[in-house]
Amino acid sequence: MAYLLDPIAFSLGPISVHWYGIILGSAALVGLWLAVMEGKRFGISPDFFMDLLLIGVPSAIIGARLYYVAFKWDAYKNNLLEIFQIWHGGIAIYGALIGAIIAGYIYFRRKGYNFWRIVDICAPSLIVGQMIGRWGNFVNQEAHGGPVSETFLRDTLHLPNWITDQMYIGGLFYHPTFLYESLWNLAGLLVLLWLRRRPFLRSGELFFSYFIWYSIGRFFIEGLRTDSLAFTAPSWLASLINGLWSPMNVMFEAGSMDYGNVRISQLLAILIIIAAVVLIIVRRKKGWASERYSDPIRSTKTTAISTSEAGEGI
């Protein structure tokens, strides 16, 4: 008999604590731990990253919601209060990244740190957070792909019963896209941890590598999903994206779309990959990435304070 996970972990009186929240909280803490450990190598206080987390998480949630609402405006324009009811669902990971990056940029500037040096440290934290956070979708039975056979899950993918059973939703089995993305991000985490110890790595390039890796996986996995934000694009663009995704047809079938012919996340993934590669090349050619990842990290604010204190002692 199939055993489905209860989305509610436990209750404290009238308050229900959901597994989704516990999983996301755990993801944030693991990401914080990775950043703190790497920050210590550069003499950066753990408090710096703890404050960053307190600023970054709400900024990510706001960005994720605004991104989703912007592309689903017709569903919200006549009921503006629904925009704030985030517990009804409707967030997007790229929006979360935009929100967190904007908040991080402002925070780094105020602390006197170079933006590229700090986001390099945070890159593994971002991908490990996404790796763990996707299991919240698993518990909630959401963000899955299109229908598949039970045989495909059990015999082709050799998934354990507790995953296969959870993918049985409304009388059908579905692609566990949460699992595909989580495993892709695990591999990406290992790649980033390896890259950051390479002597050739320049400032900002670990951050760009994160976006390249994540976007490649997101492009192909997004094509399996049935809940993608989409729009109607010129036929040439739809054909281009379908052609790039076509190698997946060997083993998978693309998920259906309720509207449009191009998934926004797929198009954005392509643009991000191109932009990241171009920025790596241009920054090297222009000498904008002269610092290496392993070089010391200094805050201009700390330097200013130290200089002032030294002057007072003369």
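Small disclaimer: the values here were computed from a predicted structure and weren't measured.
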Practice problem: Answer with yes or no whether the hydrophobic clustering places Ile61 together with Ile91; edges join I, L, V, M, F, W, Y residues whose side-chain heavy atoms lie under 4.5 Å apart. | Solution: yes
Quiz item: Will you find, in the side chains of Arg109 and Tyr105, an N or O donor that is under 3.5 Å from an N or O acceptor?
Solution: yes
Self-check item: Close side-chain approach of Arg283 and Phe208, heavy atoms under 4.5 Å
Solution: yes
Self-check item: More than 12 heavy atoms from other groups under 6.0 Å of CH2 on Trp73
Solution: yes
Quiz prompt | Test item: Lys111 side-chain N/O and Ser299 main-chain N/O as donor-acceptor pair under 3.5 Å | solution = no
Quiz prompt | Note, Phe207 side chain near Ile101 side chain (heavy atom, < 4.5 Å) | solution = yes
Quiz item: To the nearest 0.5 Å, how far apart are OH in Tyr259 and CE in Met257?
Solution: 10.0 Å
Practice problem: Indicate yes or no for a side-chain donor-acceptor contact from Gln266 to the backbone of Phe219 under 3.5 Å, with no hydrogens or angles considered. | Solution: yes
Practice problem: Using a 4.5 Å cut-off on heavy atoms from C-beta on, say whether the side chain of Thr232 contacts that of Val262. | Solution: no
Quiz item: How long is the gap from CZ on Phe71 to OH on Tyr67, to the nearest 0.5 Å?
Solution: 4.5 Å
Quiz item: Are Leu66 and Leu97 connected, step by step, through hydrophobic side chains (Ile, Leu, Val, Met, Phe, Trp, Tyr) whose heavy atoms are closer than 4.5 Å?
Solution: no
Exercise. Could you tell me which non-hydrogen atom of Arg134 sits nearest to which non-hydrogen atom of Phe178, and how far apart they are?
Key: O-CB, 3.5 Å
Practice problem: State, without any angle test, whether Arg263 and Ser228 hold a side-chain donor-acceptor pair at a distance under 3.5 Å. | Solution: yes
Quiz item: Will you find, in the side chains of Asn137 and Glu142, an N or O donor that is under 3.5 Å from an N or O acceptor?
Solution: yes
Practice problem: Take Tyr113 and Phe48, measure what ring-ring contact (aromatic ring centres under 6.0 Å, His included) needs, and give me the verdict at the end. | Solution: CA-CA 11 Å; Tyr113 284 108; Phe48 172 83; 5.0 Å; yes
Exercise. Check whether Trp288 and Tyr293 end up in the same hydrophobic cluster, where Ile, Leu, Val, Met, Phe, Trp and Tyr are linked by side-chain heavy atoms less than 4.5 Å apart.
Key: yes
Self-check item: Leu52 side chain near Leu54 side chain, heavy-atom distance below 4.5 Å
Solution: no
Quiz item: Would you find a donor on one side and an acceptor on the other, under 3.5 Å apart, between the side chain of Thr300 and the backbone of Gly112?
Solution: yes
Quiz item: Are the side chains of Ser203 and Arg292 in touch, meaning some heavy atoms are under 4.5 Å apart?
Solution: no
Quiz item: Can you check side-chain contact (heavy atoms from CB on, under 4.5 Å) on Ile121 and Phe49, steps first, answer last?
Solution: CA-CA 10 Å; Ile121 291 177; Phe49 294 103; 3.9 Å; yes
Exercise. Any chance you could lay out the side-chain contact (heavy atoms from CB on, under 4.5 Å) test for Phe108 and Asn114, step after step, and finish with the verdict?
Key: CA-CA 7 Å; Phe108 303 156; Asn114 179 286; over 6 Å; no
Self-check item: His144 ring center within less than 6.0 Å of Phe138 ring center
Solution: no
What side-chain donor-acceptor pairs closer than 3.5 Å can you find for residues 237-252, not counting sequence neighbours?
from   : atom 1 : to     : atom 2 : distance (Å)
Ser239 : OG     : Ser235 : O      : 2.9
Asn242 : ND2    : Ala238 : O      : 3.1
Trp245 : NE1    : Phe220 : O      : 2.7
Ser246 : OG     : Gly243 : O      : 2.6
Asn249 : ND2    : Ser246 : O      : 3.3

Exercise. Keeping to residues at least two apart or across chains, list the ring-ring contact (aromatic ring centres under 6.0 Å, His included) pairs with something in residues 184-205.
Key: Trp184-Trp213
Quiz item: Does Asp165 pair with Arg154 as a salt bridge, N-O distance under 4.0 Å?
Solution: yes
Quiz item: Looking at residues at least two apart in the chain, or sitting in another chain, which of them share a side chain to side chain contact (heavy atoms under 4.5 Å, CB included) with Asp258?
Solution: none
Quiz item: Tell me, do Asn185 and Glu181 make a side-chain contact under 4.5 Å, heavy atoms counted?
Solution: yes
Self-check item: Nearest-0.5 Å distance that lies between atom CH2 in Trp162 and atom CE in Met167
Solution: 10.0 Å
Exercise. Go through the structure and list residues passing side chain to side chain contact (heavy atoms under 4.5 Å, CB included) with Leu179, not counting sequence neighbours.
Key: Trp135, Leu159, Ile163, Pro176, Leu183
Quiz prompt | Spatial distance of atom OH (Tyr180) from atom CD1 (Ile221) [nearest 0.5 Å] | solution = 9.0 Å
Quiz item: To the nearest 0.5 Å, what is the distance between NE2 (His175) and OG1 (Thr177)?
Solution: 8.5 Å
Exercise. Could you check if a side-chain atom of Ile93 sits within less than 4.5 angstrom of a side-chain atom of Arg218, using non-hydrogen atoms only?
Key: yes
Quiz prompt | Polar contact flag, side-chain donor to acceptor under 3.5 angstrom, Tyr168-Gln141 | solution = no
Self-check item: Taking every non-hydrogen atom, the tightest pair across Ile212 and Ala276
Solution: CG1-CB, 3.5 Å
Quiz prompt | Ala233 to Asn261 - nearest heavy-atom pair and separation | solution = N-OD1, 2.7 Å
Quiz item: Does any non-hydrogen side-chain atom of Ser265 lie less than 4.5 Å from one of Leu229?
Solution: no
Quiz item: Are Arg197 and Glu38 within salt-bridge range, i.e. N to O under 4.0 Å?
Solution: yes
Exercise. Verify the cluster assignment for Ile118 and Val36: are they in a single hydrophobic cluster under the rule of side-chain heavy atoms below 4.5 Å apart?
Key: yes
Quiz prompt | Distance (rounded to the nearest 0.5 Å) between Glu291 CD and Asp120 CG | solution = 10.0 Å
Quiz item: Taking only residues at least two apart or on different chains, which pairs with a member in residues 202-211 satisfy salt bridge (Lys or Arg N to Asp or Glu O under 4.0 Å)?
Solution: Glu205-Arg284
Quiz item: Checking side-chain contact (heavy atoms from CB on, under 4.5 Å) for the pair Tyr94/Ser215: CA distance, chi angles, key distance, verdict?
Solution: CA-CA 10 Å; Tyr94 278 126; Ser215 296; 3.4 Å; yes
Sequence neighbours left out, cut at 3.5 Å: what donor-acceptor pairs do the side chains of residues 8-35 make with other protein atoms?
from  : atom 1 : to    : atom 2 : distance (Å)
Trp19 : NE1    : Asp6  : O      : 3.4
Ser26 : OG     : Ile22 : O      : 2.8

Self-check item: Minimum-distance pair of heavy atoms, taken over all atoms of Gly255 and Thr226
Solution: CA-CG2, 4.2 Å
Exercise. For Tyr174 and Val148, run side-chain contact (heavy atoms from CB on, under 4.5 Å): C-alpha distance rounded to whole Å, both residues' side-chain angles, the deciding distance at 0.1 Å, then the answer.
Key: CA-CA 5 Å; Tyr174 289 91; Val148 294; 5.6 Å; no
Exercise. Give the cluster check for Ile127 versus Trp116: same hydrophobic cluster or not, with ILVMFWY residues linked at side-chain heavy-atom distances below 4.5 Å.
Key: yes
Quiz item: Any idea which heavy atoms bring Arg117 and Pro296 closest together, and the distance?
Solution: NH1-O, 3.2 Å
Exercise. For Asn140 and Pro7, work out which heavy atoms get closest and say how close.
Key: OD1-CB, 3.9 Å
Quiz item: Can any side-chain N or O of Ser294 pair as donor or acceptor with the backbone N or O of Pro199 at less than 3.5 Å?
Solution: no
